[in-house]
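In this text, all values refer to a predicted model and were calculated from it rather than measured experimentally. Below, chain A is the first sequence line, B the second, and so on; all start at residue 1.
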Amino acid sequence: MAHWLMKSEPDEYGWDDLVRDGRTEWTGVRNHAAAKNLRAMTCGDRAFFYHSACAVPAIAGIMEVSREWRADGEDGKWASVEVNPVAPLPRAVPLKKLKEEAALRDMATLKQGRLSVSPVSEAEWTHICALAAMGDAKEQT
DNA sequence: GCCAACGTTGGC
DNA sequence: GCCAACGTTGGC
């Protein structure tokens with residue numbers, strides 16, 4: 001099972017919208033590298049829902065790929081997948097935090113900021129989940 | 001096939 | 001709103 005990070009502008013479609021809808025078709029990706037990543041997804045893969053182009057860019061939640069890719073658009077070049085929400089992060093992890101972490105230095109989304117769908121390694125995934133939980137604990141002390 | 005011009009994404 | 005990064009388009 002692979003892990004991913006998928007970006008959406010919260011003004012357009014945010015984490016709360018996905019929770020409200022229960023599931024959604026992740027359409028509109030018009031970048032070849034991102035489309036390739038969509039086609040590589042399999043059912044059950046987990047992905048971070050990332051809020052981009054907003055006041056505080058951050059990872060907001062975890063979702064699951066619930067149907068593998070299908071064609072998006074007429075020309076056959078693009079793909080979409082269906083996702084559903086799994087859980088919000090206990091505490092959102094902002095981009096600023098991601099950039100501060102040495103362990104995340106090689107993250108695809110940090111290396112290529114404009115890539116809207118990117119892979120996340122096992123180590124990166126685990127690290128970010130720990131950050132999300134740690135932020136929560138810190139708040140309580 | 002190269003490259004300049006232009007458009008889009010996304011951080012700040 | 002600006003700008004950097006990067007992708008796409010079109011002239012040659």
Side-chain angles (χ1 to χ4, degrees), chain A residues 1-140:
Chain A
M1 174 163 74
H3 293 105
W4 311 94
L5 181 145
M6 300 163 81
K7 296 182 180 180
S8 182
E9 302 184 21
D11 288 349
E12 295 286 320
Y13 194 86
W15 171 257
D16 291 342
D17 295 307
L18 178 61
V19 170
R20 183 199 60 217
D21 294 346
R23 65 192 156 111
T24 198
E25 189 70 22
W26 203 272
T27 55
V29 171
R30 292 294 180 270
N31 170 285
H32 290 292
K36 184 166 168 259
N37 289 332
L38 287 176
R39 282 192 217 97
M41 291 181 183
T42 59
C43 248
D45 279 1
R46 295 285 165 102
F48 287 129
F49 191 117
Y50 177 92
H51 284 159
S52 69
C54 56
V56 184
I59 298 171
I62 293 171
M63 50 193 176
E64 183 179 50
V65 177
S66 48
R67 206 208 52 248
E68 288 170 24
W69 74 277
R70 63 166 58 155
D72 179 24
E74 299 304 310
D75 54 14
K77 287 197 292 188
W78 310 114
S80 67
V81 298
E82 187 192 80
V83 293
N84 58 266
V86 172
L89 294 190
R91 194 149 193 86
V93 179
L95 175 64
K96 185 171 178 293
K97 185 71 181 169
L98 298 179
K99 284 180 170 175
E100 286 169 4
E101 295 294 311
L104 304 177
R105 195 171 296 152
D106 292 331
M107 248 188 113
T109 192
L110 297 181
K111 287 194 154 183
Q112 195 182 345
R114 292 184 51 201
L115 188 57
S116 62
V117 181
S118 60
V120 177
S121 75
E122 290 299 311
E124 289 161 355
W125 182 270
T126 306
H127 190 88
I128 292 167
C129 289
L131 284 178
M134 204 162 64
D136 199 41
K138 205 172 169 184
E139 191 85 347
Q140 287 164 10

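For residues 52-96 of chain A, the set of pairs meeting the ring pair (Phe, Tyr, Trp, His ring centres under 6.0 Å) definition, not counting sequence neighbours, comprises A:His32-A:Trp78.
Applying the side-chain hydrogen bond (donor to acceptor under 3.5 Å, both in side chains) test to A:Thr126 and every residue at least two apart in sequence or in another chain returns nothing. Take A:Arg30 and apply the salt bridge (charged side-chain N to carboxylate O under 4.0 Å, His left out) test, not counting sequence neighbours, and it matches A:Asp72. By the ring pair (Phe, Tyr, Trp, His ring centres under 6.0 Å) test, A:His3 is found to be paired with A:Trp125, residues two or more places apart in sequence or in another chain being considered. Qualifying salt bridge (charged side-chain N to carboxylate O under 4.0 Å, His left out) partners for A:Glu122, counting only residues two or more places apart in sequence or in other chains: none. A:Arg70 meets the side-chain hydrogen bond (donor to acceptor under 3.5 Å, both in side chains) test with no other residue; sequence neighbours excluded. A:Asp17 pairs by the side chain to side chain contact (heavy atoms under 4.5 Å, CB included) definition with A:Tyr13, A:Arg20, not counting sequence neighbours.
For the contact set between residues 103-116 of chain A and DNA chain B, defined by any heavy atom under 4.0 Å, the members are A:Gly113, A:Arg114, A:Ser116. Less than 4.0 Å separates DNA chain B from no heavy atom of any residue of residues 30-39 of chain A.
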Let me check something: any side-chain donor-acceptor pairs from residues 43-67 of chain A under 3.5 Å, sequence neighbours excluded? List them with distances.
residue, atom, partner, partner atom, Å
A:Asp45, OD1, A:Ala2, N, 3.0
A:Asp45, OD1, A:Thr42, OG1, 3.1
A:Asp45, OD2, A:Trp4, NE1, 3.0
A:Asp45, OD2, A:Thr42, N, 3.0
A:His51, NE2, A:Trp15, N, 2.9
A:Ser66, OG, A:Glu82, O, 3.2
A:Ser66, OG, A:Glu82, OE1, 2.7
A:Ser66, OG, A:Asn84, OD1, 3.4
A:Arg67, NH1, A:Glu25, OE1, 3.3
A:Arg67, NH2, A:Glu25, OE1, 3.3
A:Arg67, NH2, A:Glu25, OE2, 2.9

N/O donor-acceptor pairs under 3.5 Å from side chains in residues 100-110 of chain A, not counting sequence neighbours:
residue, atom, partner, partner atom, Å
A:Glu100, OE2, A:Lys96, NZ, 3.2
A:Glu101, OE1, A:His127, NE2, 2.7

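If you check every strand for non-hydrogen atoms under 4.0 Å, A:Lys96 touches nothing.
For the atom pair A:Glu124 CD and A:Leu5 CG, the distance stands at 10.0 Å (nearest 0.5 Å).
Scanning DNA chain B 5' to 3' for nucleotides with an atom closer than 4.0 angstrom to a non-hydrogen atom of chain A gives a first and last hit of B:dG7 to B:dC12.
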